[in-house]
2 protein chains.
Amino acid sequence: MNDIKQFLRSNALRPTKQRIVIAGYLFDGTDKHVTAESLSTELAKRKHIISLATIYNTLHDFYENGLLKKLTLSADRVYFDTNTDDHHHFYSEKEQFLIDINKNIKVNGLPKTPKNKKINKIEVIVHLDK
Amino acid sequence: MNDIKQFLRSNALRPTKQRIVIAGYLFDGTDKHVTAESLSTELAKRKHIISLATIYNTLHDFYENGLLKKLTLSADRVYFDTNTDDHHHFYSEKEQFLIDINKNIKVNGLPKTPKNKKINKIEVIVHLDK
DNA sequence: TATCAGTTTAGAATGATTCTAAAGTGTTGA
DNA sequence: TCAACACTTTAGAATCATTCTAAACTGATA
């Protein structure tokens, strides 16, 4: 609890009740993939009712501070990943199935980066099913 | 024109005025990336006013028939690619910058596919800038 | 050429996300 | 300790890409 407060402060985020609850859930030591909706549902189960607006705000605040990764898996919703290490994903849109690939993947044969551009990240998505 | 009709028929798509115009634009021999919106704008420039609903319908019809690839680049809109070969992309969300990587990319070190699943496709997105 | 299934379309509906502006709350300095 | 203020939260409205609806239209076929 105080760890969480410190953790938020150290990321220049005021430790409000809501952020403490959300951070407590997200950063409990196990990797998680969430959407605004799934996070809301999960917190509601735990009797923490936080407005969707705040959930969106908080996910973005955490993302802006590098505490979450944003995943681009399908065009209909945004996923956030608590595992911020370089890693990739197996994904089945049909089944909303999403698992980390933590093994060291190598992408070989990339052409040179376009002029005046820098690579921000390389995302490998292994789509399952169709 | 008759080629286009034949082309559509051979894909079990009735060659309507609208589909002929859209196919004529999309499959003119140069690779293209479009969204429903950009396609609509591009056709309007050519004095072809086609309803957005039809543009969405047609893009999906073409996609379902394997004439287009669907790209998952950002969560706010769907991109379609006339290049249906296996290939990947450089992408800058900020600049709406999108180019094909046609070189033979190899992804090494993938773990084994989850039980009872089959890989549909592997998508590599090289994100530029942030 | 009449018929009908397949298409197109305007406009409404949907659903994720963002915005607004008013009320609430950490933080800080005295 | 507390006043004051900047930062947050929130309900509800707004936005925007996309899908749906159901009525009008049009290729294909006999």
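Fair warning: this is a prediction, and the values are worked out from it, not measured in the lab. Below, chain A is the first sequence line, B the second, and so on; all start at residue 1.
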> Atom CG of Leu59(A) and atom P of dT18(C): how far apart are they, to the nearest Å?
Replying inline: 10 Å
> Leu13(B) has an atom CG; how far is it from atom P of dG6(C), in whole Å?
Replying inline: 13 Å
> What integer distance in Å separates Tyr79(A):OH from dA16(C):P?
Replying inline: 11 Å
> Between Phe27(B) and Phe62(B), what is the ring plane arrangement, given parallel below 30°, perpendicular above 60°, and tilted in between?
Replying inline: tilted
> For the side-chain contact (heavy atoms from CB on, under 4.5 Å) test, which of Asp31(B), Thr30(B), Leu67(B) pairs with Thr82(B)?
Replying inline: Asp31(B)
>> Under 4.0 Å between a side-chain nitrogen and a carboxylate oxygen: does that hold for Asp61(B) and Arg19(B)?
In response: yes
> Separation of Lys5(A) atom NZ from dG26(C) atom P, in whole Å?
Replying inline: 8 Å
>> Please identify the 5'-most and 3'-most nucleotides of DNA chain D with any atom under 4.0 angstrom from a heavy atom of chain B.
In response: dA17(D) to dA28(D)
> So Leu13(B) and Asn65(B), side chain to side chain contact (heavy atoms under 4.5 Å, CB included) or not? Walk me through it.
Replying inline: CA-CA 9 Å; Leu13(B) 292 166; Asn65(B) 282 279; 3.8 Å; yes
> Expressed in angstrom and rounded to an integer, what is the separation of Leu8(B) atom CG from dG6(C) atom C1'?
Replying inline: 14 Å
> Glu37(A) CD to dT17(C) P: how many Å, rounded?
Replying inline: 9 Å
> Taking only residues two or more places apart in sequence or in another chain, which ones pass salt bridge (Lys or Arg N to Asp or Glu O under 4.0 Å) with Lys32(A)?
Replying inline: Asp28(A)
> Leu39(A) CG to dA16(C) C1': how many Å, rounded?
Replying inline: 15 Å
> Parallel, tilted or perpendicular: which describes the rings of Tyr91(B) and Tyr79(B), with under 30° parallel and over 60° perpendicular?
Replying inline: perpendicular
>> Between P on dT18(C) and CG on Asn57(A), what's the gap in Å once rounded to a whole number?
In response: 9 Å
> Taking five pairs at each end, how big is the angle between the two axes of the helix from dT1(C)-dA30(D) to dA30(C)-dT1(D), to 10°?
Replying inline: 30°
